[in-house]
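Below is one structure, written out as structure tokens, with a few remarks after it.
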Amino acid sequence: MSEFRIHHDVNELLSLLRVHGGEGAEVYIDLLQKNRTPYVTTSVSAHSAKVKIAEFSRTPEDFLKKYDELKSKNTRHLDSLVYLLSKLTEDKETLQYLQQNAKERAELTANVAAGGSTNFSIPSSTSKISLQELEELRKQLGTVTANSSAQQPLELTRKMLRDKQNKKNSGQPVPVLPSWVYERPALIGDFLIGTALSTDVTVPIGTLPLASQESMIVEDLLYVLIGVDGRYITAQPLVGRQNRTFLVDPNLDLSIKELVTRILPVAASYSAVTRFVEEKSSFEYGQVNHALAAAMRTLIKEYMILITQLEHLQRQGLLSLQKLWFYIQPTMRTLEILSSLATSVDKGECMGGSTLSLLHDKTFNYTGDNQAQELCLYLTKAACVPYFEILEKWIYRGIINDPYSEFMVEEHELQKEKIQEDYNDKYWDQRYTVVQQQIPSFLQKMADKILSTGKYLNVVRECGRDVTCPVAKEVIYTLKERAYVEQIEKAYNYASKVLLDFLMEEKELVAHLSRSIKHYFLMDQGDFFVHFMDLTEEELKKPVDDIITTRLEALLELALRMSTANTDPFKDDLKIDLMPHDLITQLLRVLAIETKQEKAIIGADPTELTLSGLEAFSFDYIVKWPLSLIINRKALTRYQMLFRHMFYCKHVERQLCNVWISNKTAKQFSLHSAKWFAGAFTLRQRMLNFVQNIQYYMMFEVMEPTWHILEKNLKLLCTSLWSPASPCEKGLEKDGDGEGDAAQETFPPAPSHGCCSCAAPLAPSQFLCGS
């Protein structure tokens, strides 16, 4: 869980408990951060926690019922929550506080309700309808609702899913099955309620001898087992998501009726599976559900073959009710599992990765029952095929082909040309994001690597190069995670190496950093700055509104040509930027981001005084794709702040040197008169020494050693794979949040004395404090 998620959850909890004042959320957040562990709640601990809460609860039946309901809906983190609640039952102090808090909230709610009800009056009835007519109308509405409850929600669900998918994939609309598929219920294979298909005269079964009753019931059961009503056994209408129930002729002999009630659950399971297969075969439910439905349809075909063989025996007069019960028992367990899976997927409204998580959990829950586990494993493998096809394209080629929004990685339409203007890492962070509910539980640990692998390859593809992983193999679901984890690791290592080689060799990342960023923003090119400051001194003294930018650009071009910077192949990417704020205001605006003072500082005037050219001056640098992912606007802003401080220090040094030159005129005065200048000369010299020493400290004690560390890491990185455990990547990720951030923050790590920021060689605020 990320720090921002912890912060959000703590604030939500404090809001629900109505806790105000005190030490604040930050104290609790720090405690949670310090006590984080990689512990994962296991099935055993979740089961024991559930038992403990049930024993503690006043209504254990209600708790267990609610737990089973949430479990059937595949609610994420349910076991972790139950484990937490079980720990709370052991903490008497916390329980006492929660009880007192609940009592206070209940009293407050009651007071509010009482206060609100004082001004409430029942409006007088002006309707002419009587109570009897109202009751009849209510019954009619209830009947209409019951009749349409099965059809209407399915139509609405399909429409909502279709609209959602079409919105995400505007260029590729989801196909739609023709209307007659849904208008002809006889095509479904399930029971037809309210239609009289048979014209045969039904003989009262109670008047028949026992042998005839058994023969008639066997024939009826063979029909019912394939979704067709019999003469004496009929299916009842469905109510909501309940299982199918049947009505058996009450005049049937009790011994026969007992066996019939044992066999009918098979028909109920068949009905549930058939409805699931037909419903999830629609395009809107995604490829994973399609594959699962196809696997179930294969098993249903085997079941239909069994019923056909039983019918053959019945026509030969060799099938009794006992034989039917004997032959149908092995199939009963299979259909029961299929029905349970179908109900769970339906209740949880699962698609894509959530369906695979449910199937994976069910497979592990059946450990010890080999037949049930093999069945679930077969279904899970079949359902994983389309998902793994999307996964293979992503980790082997960097392509997402997800027409039904089932994959764990979601693509957003962002323009890479705006990276140079964005102060955040929006393109890298938001172009491709992880959808938590679509991550299969067995791939949860590898989700970040899967995301990074495809992003690395996608960057190279955006540059016009087609990449295909040479170690690509088909990913197949197994109960042993090591098989597909190794494939993902290999793909990740290859993608890292491809991107690294591309940036280092073809795009010359090191050359941009050492030849341009260091020379210009860290003032490493001494002769260039001497020429530039000599040429622009008069222009930069003017107010910023009076400065002509094109003139500064021309002087910059002249200074570049006259100095050793003329050999820099990237010198044309250097530009002039006149900032709207002075450096102090810019730092305050950065520090105020996501704080209460942000609006006040942003809305305030940058300064009461008019900025001079020196106060507003800064360099800018044009970076093209894909280097703009690393040398982005956020990084350049940090370098600009460093440069502005260093540039102003250099200006102060030049001014003090000019004062020293002008003080040479004091030599013409007599020795007695020169004594009066001694104090001023001493102060000037101390100021000059201070400015020169602080510049030396910043450049040679802080920035230069840190830059050497960066160069060392880059050289080491070029000779090794970009593996997740590489110390080079750790250095590059110093300011990052995850593996993908390594491609954004290629800056030196902080030195031991703490005067360097993570993403830039030195924190300008510390310079200002020191000066």
Side-chain angles (χ1 to χ4, degrees), residues 171 390-402 407 409-422 424-433 449-472 490-517 568-575 620-636 714 717-723 726 728-729 732-733 736 738-747:
I390 302 173
L391 175 65
E392 289 167 13
K393 283 188 177 180
W394 175 246
I395 64 174
Y396 293 151
R397 300 186 62 194
I399 299 173
I400 286 186
N401 184 13
D402 183 22
F407 192 49
V409 179
E410 185 178 21
E411 183 178 6
H412 304 277
E413 291 296 330
L414 294 175
Q415 296 180 0
K416 60 177 180 290
E417 290 79 10
K418 292 186 177 181
I419 297 179
Q420 296 181 14
E421 288 79 25
D422 289 337
N424 51 27
D425 304 321
K426 184 176 180 181
Y427 183 87
W428 183 256
D429 290 341
Q430 298 183 16
R431 172 69 190 277
Y432 295 102
T433 57
K449 282 192 176 180
I450 291 172
L451 174 66
S452 299
T453 302
K455 286 168 75 172
Y456 294 162
L457 294 178
N458 188 263
V459 169
V460 181
R461 287 182 57 83
E462 290 279 349
C463 298
R465 288 185 51 185
D466 190 16
V467 288
T468 303
C469 183
V471 294
K490 291 178 181 178
Y492 175 74
N493 291 334
Y494 170 75
S496 302
K497 188 177 186 305
V498 166
L499 178 60
L500 187 62
D501 292 343
F502 183 71
L503 292 176
M504 294 294 186
E505 296 175 7
E506 292 193 25
K507 297 302 178 180
E508 299 179 292
L509 173 62
V510 177
H512 278 277
L513 289 172
S514 59
R515 293 184 183 179
S516 297
I517 298 295
D568 181 11
F570 313 115
K571 60 181 179 294
D572 294 333
D573 294 331
L574 189 66
K575 302 296 177 184
D620 198 4
Y621 193 73
I622 298 175
V623 188
K624 298 179 182 179
W625 173 268
L627 293 181
S628 53
L629 288 172
I630 299 172
I631 312 174
N632 52 23
R633 175 50 55 187
K634 182 166 66 173
L636 284 175
L714 287 174
L717 193 65
C718 292
T719 58
S720 63
L721 279 176
W722 200 0
S723 64
S726 171
C728 310
E729 188 180 14
L732 296 177
E733 286 185 343
E739 292 150 356
D741 294 326
Q744 308 168 41
E745 303 294 348
T746 310
F747 296 102

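- Minimum heavy-atom separation, V467 to R461: CG2-CG, 3.9 Å.
- Atom-to-atom distance recorded for T453:OG1 and Y396:OH is 10.0 Å, nearest 0.5 angstrom.
- Here the closest non-hydrogen pair linking V459 and L499 is CG1-CD1, 3.7 Å.
- Note: N401 CG to R397 CZ = 10.5 Å, rounded to the nearest 0.5 Å.
- Interatomic distance, CG of D501 versus CD of E506, reported as 9.0 Å (0.5 Å rounding).
- In this structure, K455 forms no cation-pi arrangement with Y432, as its terminal cationic atom is not both closer than 6.0 Å to the ring centre and no more than 45° off the ring axis.
- Considering all non-hydrogen atoms of both residues, W394 and L451 come closest at CZ2-O, 3.6 Å.
- For the pair K575 and I622, the minimum side-chain heavy-atom distance is below 4.5 Å.
- Salt bridge present: E462 and R431 bring a charged side-chain N and a carboxylate O closer than 4.0 Å.
- Residues N493 and V471 have side chains not in contact (no heavy-atom distance under 4.5 Å, counting atoms from C-beta outward).
- With hydrogens and angles ignored, the 3.5 Å screen pairs a side-chain donor or acceptor of N458 with a backbone N or O of G398.
- Between C469 and A491 the shortest heavy-atom distance is SG-CA, 4.3 Å.
- A donor-acceptor pair is defined here as one N or O able to donate and one able to accept, closer than 3.5 Å; no such pair exists between the side chain of R465 and the backbone of V460.
- Nearest heavy-atom pair, I395 versus I450, reported as atom, atom and distance to 0.1 Å: CG2-CG2, 4.1 Å.
- Taking all atoms of both residues into account, the shortest heavy-atom contact from L636 to Y621 is CD1-O, 3.5 Å.
- Annotation: side chain of T433 is in contact with side chain of H412 (closest heavy-atom distance under 4.5 Å).
- With rounding to the nearest 0.5 angstrom, the CD1 atom of I400 is 10.5 Å from the CG atom of L391.
- The aromatic rings of Y456 and Y492 are tilted relative to each other, their planes meeting at an angle between 30° and 60°.
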